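In what follows, a structure is listed as structure tokens, so that the remarks can point back to it.
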2 protein chains.
Amino acid sequence: MPSEPLARIPVASTPSQRFEEYLQSRGMRNTKPRRILVEYIFNSHDHFDADELLDRLPRKGTQGYVSRSTVYRLLAEFVEAGLLRTIELEGRTVYELDYGYPQHDHLYCNSCEKLIEFQSDHLLELRNALAQKANFQVSGHQLIISGECEDCQKIKRKRIRRKVDLI
Amino acid sequence: MPSEPLARIPVASTPSQRFEEYLQSRGMRNTKPRRILVEYIFNSHDHFDADELLDRLPRKGTQGYVSRSTVYRLLAEFVEAGLLRTIELEGRTVYELDYGYPQHDHLYCNSCEKLIEFQSDHLLELRNALAQKANFQVSGHQLIISGECEDCQKIKRKRIRRKVDLI
DNA sequence: TTCTGTGCAAAGGATTTGCATAGAC
DNA sequence: GTCTATGCAAATCCTTTGCACAGAA
């Protein structure tokens, strides 16, 4: 006997839709600022802080403006919700996509302040082994390797070469 | 022919003495606040921030008082000098001994906010290998593994046991 | 005596909060 | 209509700075 076709269960596919469901399930309201920020965040996979975000969003008086305090409030909310994760970097808080984005760590260039992502299973294994030794129950970790990126090294070498040329 | 006994070259043995030499070599002055902070720092191998330090130091009006701005200035100076290193932790800057103290990383307990040190050569090797892959020139790194320390896990388990007893 | 280092008060930058109102449900 | 979320302004937290004076060298 042929089975019935499966009922068409609506599946949230876009981040916005998933977020909408998240809000509903918690009795939170689907407001304009929330839509604007979710939209922004999922369309730019970069690292950013509250100030950069405000800079790129519409200005006060313009359509789509979100106030500074709301930006802070929503960023914290998104972190809580698991949409974003934070990186503490020299005093400022930098945000990056978390939801549906693989766990990773960063190389931080002291010259150009660029963050470069990398992923390492070895690191995870080592982390877990290290924690195990101290009977520590891991919930997460953050590794930032700092130094100088390839590009900045090249630029520096070029400068040195020029200096030599002048002699 | 027996050699002459080696000339008695004075060797700075205590951190304070070494620091005094450091100051001299740079034409910096050996002031009371500097002595007080060096003394404090090398006698307590903990992690601390500017505020905690101020809390533990003599109060205004008392002998040995160091002003808030001087504390900040000297902490930055010590980091520059390689006596201390910093850890960025949830907004605040935490300091710890660096000079003559082996490189290490931290487990951070989210419950009691304790920092637990550990050292891993494997981690250093892995770090260097990872950076190498991206042609990144490493100058340092910071790894914080967060979660729950052994003590806090025990306390929690105890609480749960108590709850069960009540049923 | 000279010039660095300090204390004080004030400024700064990032983030948070109290409150009245707008707006989602 | 009800009650959460927002915008605004003010507050707060941590840190830095300008300046006059103290005190090392």
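Values below: all heavy atoms of this structure, side chains included; hydrogens, waters and symmetry mates excluded. Letters A, B, ... mirror the listed sequences (proteins, then strands); counts begin at 1. Remember, it's a predicted structure, so these values are computed and weren't measured experimentally.
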Exercise. Which residue, B:Asp51 or A:Ser67, contacts DNA chain D at a nucleotide closer to its 5' end, judged by nearest heavy atom?
Worked result: A:Ser67
Problem set entry | Touch class at under 4.0 angstrom, heavy-atom based, for B:Asn30 against every strand present | sugar-phosphate
For this session: Could you tell me the separation between the OH atom of A:Tyr95 and the P atom of C:dT15, rounded to a whole number of Å?
Result: 6 Å
For this session: Report the nucleotide, chosen from D:dT4, C:dG5, C:dG7, that has the shortest atom-to-atom distance to any side-chain atom of B:Arg34.
Result: C:dG5
Problem set entry | Nearest-neighbour nucleotide for the A:Ser69 side chain, C:dT15, D:dA9, D:dA5 considered | D:dA9
Exercise. Taking for each residue the nucleotide of DNA chain C with the nearest heavy atom, is it A:Gln24 or B:Pro33 whose nucleotide lies nearer the 5' end?
Worked result: B:Pro33
For this session: Among the candidates C:dT15, D:dA25, C:dG18, find the nucleotide nearest to the side-chain atoms of A:Arg68.
Result: C:dT15
For this session: Find which nucleotide of DNA chain C each of B:Val66 and B:Arg29 is nearest to by heavy atoms, and output the residue with the more 5' nucleotide.
Result: B:Arg29
Problem set entry | Whole-Å distance separating the CD atom of B:Glu52 from the C1' atom of D:dT15 | 16 Å
Seminar exercise, completed: Of the listed D:dT6, C:dG7, D:dA5, the closest approach to the A:Met28 side chain comes from D:dA5
For this session: Determine the contact category for B:Leu74: base if any of its heavy atoms lies under 4.0 Å from a base atom, sugar-phosphate if only primed atoms, P, OP1 or OP2 are that close, otherwise nothing.
Result: sugar-phosphate
For this session: For B:His106 and B:Glu96, test the side chains for any donor-to-acceptor distance below 3.5 angstrom and give the result as yes or no.
Result: yes
Problem set entry | Proximity to the side chain of B:Tyr72 - top-ranked nucleotide from C:dT2, C:dG7, D:dT15 | D:dT15
Seminar exercise, completed: Regarding the side chain of B:Thr70, the nearest nucleotide among D:dT4, D:dC14, C:dG7 is C:dG7
For this session: Look at B:Thr31 and D:dG23 and indicate whether a side-chain polar atom (N or O) is within less than 4.0 Å of OP1 or OP2.
Result: no
Exercise. Quick one: does B:Cys109's side chain get under 4.5 Å of B:Ile116's, heavy atoms only?
Worked result: no
Exercise. Separation of B:Leu75 atom CG from C:dT6 atom P, in whole Å?
Worked result: 12 Å
Exercise. Considering only heavy atoms from C-beta outward, does the side chain of B:Asp105 approach that of B:Glu117 to under 4.5 Å?
Worked result: no
For this session: Would you please say whether a donor-acceptor pair under 3.5 Å links the side chains of A:Asn135 and A:Gln137?
Result: no
Problem set entry | Separation of D:dT15 P from A:Glu90 CD (nearest whole Å) | 14 Å
Seminar exercise, completed: Atom CD of B:Glu88 and atom P of C:dA14 are separated, to the nearest Å, by 14 Å
Exercise. In whole Å, what is the span from the CZ atom of B:Arg35 to the P atom of C:dG5?
Worked result: 13 Å
For this session: Using whole Å, report how far CZ of A:Phe19 lies from C1' of D:dA5.
Result: 12 Å
Problem set entry | Aromatic plane relationship, A:Phe19 with A:Tyr22 - under 30° parallel, 30 to 60° tilted, over 60° perpendicular | parallel
Exercise. Rounded to the Å, how far apart are A:Arg92 CZ and D:dT15 C1'?
Worked result: 17 Å
